[in-house]
2 protein chains.
Amino acid sequence: MTKKEIYRNSRQRNRILNLLRSRDDHPDADLIYRELKKEFPRLSMGNVYRNLNILVKQRRIHRIKLGSGSDRYDAVMDHHYHFICESCHSVMDVELPPQDRLNEQAAQLTGCTVTGHQIRFFGLCPRCQSHGDGS
Amino acid sequence: MTKKEIYRNSRQRNRILNLLRSRDDHPDADLIYRELKKEFPRLSMGNVYRNLNILVKQRRIHRIKLGSGSDRYDAVMDHHYHFICESCHSVMDVELPPQDRLNEQAAQLTGCTVTGHQIRFFGLCPRCQSHGDGS
DNA sequence: CTACTTGCAAACTATTTGCGTTACG
DNA sequence: CGTAACGCAAATAGTTTGCAAGTAG
């Protein structure tokens, strides 16, 4: 069924994973590209995307789909939720314990098989609160 | 500050709103376009998008951003959550009461001002359960 | 040596926008 | 009659993909 894909060691892919592990600001493909372009001058955007997709498939990173703008990536693999600042669009982890009872409630209400959920919080991050917004 | 925008009565915009109110399957712009094209043969995609954006701005409909694919629209305006079928990508309402305490918990954990949240449930809808998936 | 990885450019999807015309109020 | 709404086509943002050349194992 699920065909087993084989991946080689790839300098760039490893470096992307490292970069994501070294920071907690959930960068997007473009930031990763600009950052690694310094180390790999011939790096291409297409390859950044290709590798991000592979890392997601390998379950070594998470893709965070913001409402708008580009996707963000996250190397923290234990379950957590996200906060998105409506002013600067920064993304922060929210270490709230998994709210598994919500799945059961949703299943009862809908008759669906519920295997998971996602929670996103919105508001203003500490920085943007003091700046007086600016959106 | 927030400039007051004036909108005329528009046949097409009214019809889009009606259509959304008459169904609970959260259609996307393309389905709305194909559906209303029958009534308005000269209807254009650009105008469907323009009107959907106006309706959202008027707070008469909600935009639902799926992870992938096109945005869905919803004319049910009281607070609720959504279930997304991972097989057929249908969207269902989940009439779970607002989980406001989560906002406070997230605020404490992050130090952010949390003004709202969004919950999305994933799994298989009743139809796709019986079909034996098929994704 | 096989086939995964990469750079490059072109393609693609969903959505927005500029412009000239139509029509609501 | 002024200006919002419209049709149309072109533009945009983000991401994916085909192809030929490079490289890990």
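Both backbone and side-chain heavy atoms feed into the values below; hydrogens, waters and symmetry mates do not. Naming: A, B, ... by sequence-line order, numbering from 1 per chain.
Within 4.0 Å of A:Asp30, counting heavy atoms only, lies no atom of the nucleic acid at all. Residue B:Asn51 is in sugar-phosphate contact alone, with no base atom involved, counting any heavy-atom pair closer than 4.0 Å across all strands shown. Across all strands, B:Asp28 comes closer than 4.0 Å to no nucleic acid atom at all (heavy-atom distances).
Rounded to an integer number of Å, the gap from CG of A:Asn14 to P of C:dT6 is 9 Å.
Between the side chains of A:Gln12 and A:Asn47, a donor-acceptor pair is found at a separation under 3.5 Å. Checked by atom type, the side-chain pair A:Asn53/A:Arg63 shows a donor-acceptor distance below 3.5 Å.
Applying the side chain to side chain donor-acceptor pair (under 3.5 Å) criterion to A:Arg21, with sequence neighbours excluded, gives no partner residue. Residues passing the ring-ring contact (aromatic ring centres under 6.0 Å, His included) test with A:Phe121, sequence neighbours excluded: B:His117. Considering only residues two or more places apart in sequence or on other chains, A:Asp93 meets the side chain to side chain donor-acceptor pair (under 3.5 Å) condition with A:His26, A:His80, A:His82.
The phosphate of C:dC8 (OP1 or OP2) has no side-chain N or O of A:Asn47 nearer than 4.0 angstrom. Taking 4.0 angstrom as the limit, B:Tyr49 places none of its side-chain polar atoms (N or O) nearer than this to OP1 or OP2 of C:dT16.
Along DNA chain D, read 5' to 3', the first and last nucleotides having any atom under 4.0 Å from a heavy atom of chain B are D:dG2 to D:dC8.
Residues A:Gln105 and B:Leu96 come closest through the heavy atom pair OE1-CD1, 3.0 Å.
Remark on the helix from C:dC1-D:dG25 to C:dG25-D:dC1: inter-end axis angle 30°, axes from five-pair C1' superpositions, rounded to 10°.
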Quick tally for nucleotides 19-25 of chain C: nucleotides whose base has a protein heavy atom under 4.0 Å get B, sugar-phosphate-only ones S, the rest -, giving ----BBS

